Every structure is written in structure tokens, then in C-alpha cells.
Amino acid sequence: METKIQIEEPVIQSEVKTVSRKKVKLKGILTYGAFVGPALLFFLVIQIIPFSMGIYYSFTSWNGVSSVVEWVGLENYIKIFKNDPKFFDSFIFTTKFMFASVIISNLIGFGLALLLNAALKSRNLLRTVFFIPNVIGGLLLGFIWQFIFVKGFAAIGNLTDLSIFKLPWLGDETTAFWGIVIVFAWQISGYMMVIYIAALQGVDQNLLEAARIDGASNWTLLTKIIIPLILPAFTICFFLTISMAFKIFDLNISLTGGGPFNSTQSVAINIYQEAFQNNRYGLGTAKSILFFLVVAIFTTVQVMMTKKREVEA
């Protein structure tokens, strides 16, 4: 009898441990679900389901209103590549705008960060001033700058007789392009500045002092020490500016409306007009899918290239 009890006790203890492990595992799953579940649900409802529906509608001829949805297969995509030169013209404009905006806004943002990372008494005030344009809505900002370009510059040109202020800023293809770039860079540079300042404040000052003692110039400090150390910030800023520039809509539509003669029409405006003005929702959705793929490829290549430089640095 004693032998039987001694044999059964380890078995009971093993079963208790197994049950307690299952309870701990279940508790962990429930805790994980409580924290991750709501965010996952919102992501599913707001992102994944609409995106999946968009892919489906891109293969239909739906007009966005009717209850009848006709499946047309690849017809929308074929139509885009064969009979829609305006879409590719808008892609060319958007790509040129992206390259110009990314370079200018990051140069300004990084320059402001270097300036305001120094020991200036008014640096906190200046940081706020330079960041404010980023919190102003794009449509409102566009209409303000439209008034500046049309009325303000004309008034300054009449007073000073400077030719730059007498240009038809929003009435000519070239000047309209650079007008949108200027406003975009003015709006977004403050945001990039904040990211660069955060990165610069993480640079070890002892390392910079040691380099100065060894005779390094300011240019050497910047190019050989500071920039390699804050390359992750460049990765983030390039990614943000590329995606924002590609998706430009509100500034574009409030400044020029895509004119003159559709010369400054972005891809987002082209898709909007196709889907909601021409009532060709299926075709507009097909364009948006192609647009998504192009933006994804650009941003992925950019992140891979800058991440590789981070490793080398």
C-alpha cells in the first residue's frame, strides 16, 4: 500500500505542474490578446479589409454608386497602359516632384537641425516657429500660399521691380512646379528638423571633443563623424518625405488644381478625378493599386540602400 502511494504522488505532482503551465500559457495568450487585439482589429477593419476590397474592385467596372458590380478582369489595367497617357504624365510629374522635394526638404531640415542644436538662447522658440507649418492643414496652407504667389508676390514685384516676384508662379508649368515644391518643403522641413535634432542630441560629445583636439575641422566632424552616426535618422526622414511627396494631394489641388493644362497634376488627383468625378471607380482603384506598388518599390529600395549604409558606417 505504501509503495502504491509513493508511486502515485509523483504522477499527481506532474499533472498539477502540467495544469499550472497550461493556465500560465492561457493567461499569457489572454494578456497578449488584450493588448494586441484592439490594435489588430482596427488595423484589420481600417487597412486590410478596405485594401482587399480595393483589389477586388480594380477588376470590375463599378461606378462607385450602382449596386451592380461587373467583373471585367484585367481590362482596367490594360486600359491604363494602352489608352491613358494622362496617368503616366501625372506619374512623371509626381516622380520629379518627389525627387526635388525630398532633396530640398531634407537639406533644409538638416540645416535647421544643425543650427538649432547649437547653444542658442532662442532655439526653443525657433524650433516651435519652424515646426508650426507642419500642423497647418494642407488645403488651408495651399490657399494661403496661392494668395501669396498671386497677390503678394505681384505687390512685392511692383514695389521692388525684382523679376523673380513678377513671374507667373502658378500660371506657368515650370514655375508652378517649383511653387508646389517650395510650399511642400516649407511645410515639411520643420518635421524633418525635429527628427534630425533628436538624432544630433544622441551624438557623443566626448567623441566630437576628442576629434577637435586631434585637429579635425568642422567639415570633417560633420562628414566623418556626425552624419555616419545619425544615418538612421536619414533613413526615417527619406522614407517619410518620399511617401509624403508621392501622396501629395491637398497642396496640389489647392495651389494649382493640377493646372495649367494638367501639367502639375499629381497621381493622387488623377485617381480622385477618375474615381469620383468620372464615376469610374473600378478604373480609379486599379490606378491606385499600381500607384501603391510603385510607392512600395521606391520606399523599399530607399530603406534597403540607407540601411546598408548604416551597417557600413
Side-chain angles (χ1 to χ4, degrees), residues 42-102 137-143 146 170 173 176-177 180-181 183-184 239-301:
F42 277 108
F43 181 73
L44 183 69
V45 172
I46 296 172
Q47 296 287 342
I48 301 300
I49 293 177
F51 183 76
S52 302
M53 291 174 65
I55 294 174
Y56 166 73
Y57 284 126
S58 71
F59 295 102
T60 69
S61 62
W62 189 40
N63 62 6
V65 180
S66 173
S67 59
V68 179
V69 181
E70 183 183 353
W71 181 269
V72 295
L74 295 173
E75 185 179 320
N76 288 328
Y77 293 95
I78 295 171
K79 191 180 295 183
I80 291 169
F81 283 102
K82 283 190 174 182
N83 303 315
D84 201 343
K86 286 185 179 179
F87 181 64
F88 290 98
D89 289 341
S90 66
F91 241 120
I92 292 170
F93 164 78
T94 307
T95 304
K96 290 193 296 184
F97 171 80
M98 182 272 295
F99 279 112
S101 300
V102 167
L139 281 173
L140 177 61
L141 197 67
F143 286 124
Q146 186 187 61
L170 301 181
E173 178 180 349
F177 171 83
I180 300 171
V181 171
V183 179
F184 180 85
F239 175 81
L240 290 174
T241 47
I242 287 172
S243 58
M244 289 176 184
F246 261 124
K247 295 184 294 183
I248 185 173
F249 176 78
D250 45 7
L251 278 180
N252 194 188
I253 204 167
S254 58
L255 275 170
T256 65
F261 305 107
N262 295 323
S263 61
T264 62
Q265 185 184 81
S266 66
V267 177
I269 290 181
N270 184 276
I271 293 171
Y272 167 78
Q273 290 178 345
E274 194 71 74
F276 299 107
Q277 292 184 356
N278 301 336
N279 290 327
R280 291 196 287 252
Y281 193 87
L283 185 59
T285 308
K287 289 183 177 182
S288 67
I289 297 298
L290 292 175
F291 183 44
F292 165 78
L293 292 174
V294 171
V295 175
I297 290 169
F298 264 91
T299 51
T300 302
V301 170

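Computed over heavy atoms, backbone and side chain alike; hydrogens, waters and symmetry mates excluded. Worth saying up front: this structure is predicted, and the values here are computed from it rather than measured.
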* To do: Write out all pairs satisfying salt bridge (Lys or Arg N to Asp or Glu O under 4.0 Å) with one or both partners inside residues 253-262, taking only residues at least two apart or from two chains.
  => none
* May I have all residue pairs that pass salt bridge (Lys or Arg N to Asp or Glu O under 4.0 Å) and include part of residues 44-67, sequence neighbours excluded? => none
* Structure fact -> Here the pair of heavy atoms bringing S263 nearest to E173 is CB-CG, 3.5 Å
* Asked: Within a strict 4.5 Å, meaning less than it, do heavy atoms of the V295 and I242 side chains meet?
  -> no
* Heavy-atom closest contact (F177 atom, A100 atom, distance) -> CZ-CB, 4.2 Å
* **Where L170 and L255 come nearest, the two heavy atoms and their spacing** => CD1-O, 3.5 Å
* Main-chain N/O of V267 paired with T94 side-chain donor or acceptor, under 3.5 Å -> yes
* Which residues satisfy the side-chain contact (heavy atoms from CB on, under 4.5 Å) test with Q265, sequence neighbours excluded? -> S90, N262, I269, N270, Q273
* Inter- and intrachain pairs under salt bridge (Lys or Arg N to Asp or Glu O under 4.0 Å), touching residues 68-77, at least two apart -> none
* To do: Ignoring hydrogens and angles, tell me if any N or O in the side chain of N252 forms a donor-acceptor pair with the backbone of S266 under 3.5 Å.
  => yes
* What pairs with S101 under side-chain contact (heavy atoms from CB on, under 4.5 Å), at least two apart in sequence or on another chain? -> F97, V181, F184, A245
* Structure fact -> Residues pairing under side chain to side chain donor-acceptor pair (under 3.5 Å) where one sits in residues 55-66, two or more places apart or in two chains, turn out to be S58-Y77
* Asked: Could you walk me through whether I289 and F51 pass the side chain to side chain contact (heavy atoms under 4.5 Å, CB included) check?
  -> CA-CA 9 Å; I289 297 298; F51 183 76; 4.2 Å; yes
Just list the side-chain donor-acceptor pairs under 3.5 Å for residues 78-86, sequence neighbours left out, or say none.
unit_1, atom_1, unit_2, atom_2, d
D84, OD1, F87, N, 3.3
D84, OD2, K287, NZ, 2.6

* Kindly give the heavy-atom pair with the smallest separation between T299 and A296, and that separation in Å. => OG1-O, 3.1 Å
* Structure fact -> Across all chains, not counting sequence neighbours, the side chain to side chain donor-acceptor pair (under 3.5 Å) partners of T264 are T256
* Asked: Does any pair with a residue in residues 249-270 pass ring pair (Phe, Tyr, Trp, His ring centres under 6.0 Å), and if so which ones, sequence neighbours excluded?
  -> F249-Y272
* To do: For F99, enumerate each residue passing the ring-ring contact (aromatic ring centres under 6.0 Å, His included) test, keeping only those at least two apart in sequence or located in another chain.
  => none
* To do: Evaluate the side chain to side chain contact (heavy atoms under 4.5 Å, CB included) criterion for residues F59 and V72: first the C-alpha distance (whole Å), next the side-chain angles of each, then the deciding distance (0.1 Å), finally the verdict.
  => CA-CA 6 Å; F59 295 102; V72 295; 5.6 Å; no
* To do: List the atom of A275, the atom of G284, and the distance in Å for their closest heavy-atom pair.
  => CB-CA, 4.3 Å
* Which is it for I49 and S52 under the side chain to side chain contact (heavy atoms under 4.5 Å, CB included) test, yes or no, and what are the steps along the way? -> CA-CA 5 Å; I49 293 177; S52 302; 5.8 Å; no
* Calculate, to the nearest 0.5 Å, the distance between atoms CZ and CE belonging to F239 and M244 respectively. => 9.5 Å
* To do: Not counting sequence neighbours, list each pair that qualifies as a salt bridge (Lys or Arg N to Asp or Glu O under 4.0 Å) and has a residue in residues 245-262.
  => none
* So, the side chain of E274 versus the backbone of L283: is there a donor-acceptor pair under 3.5 Å, distance only? -> no
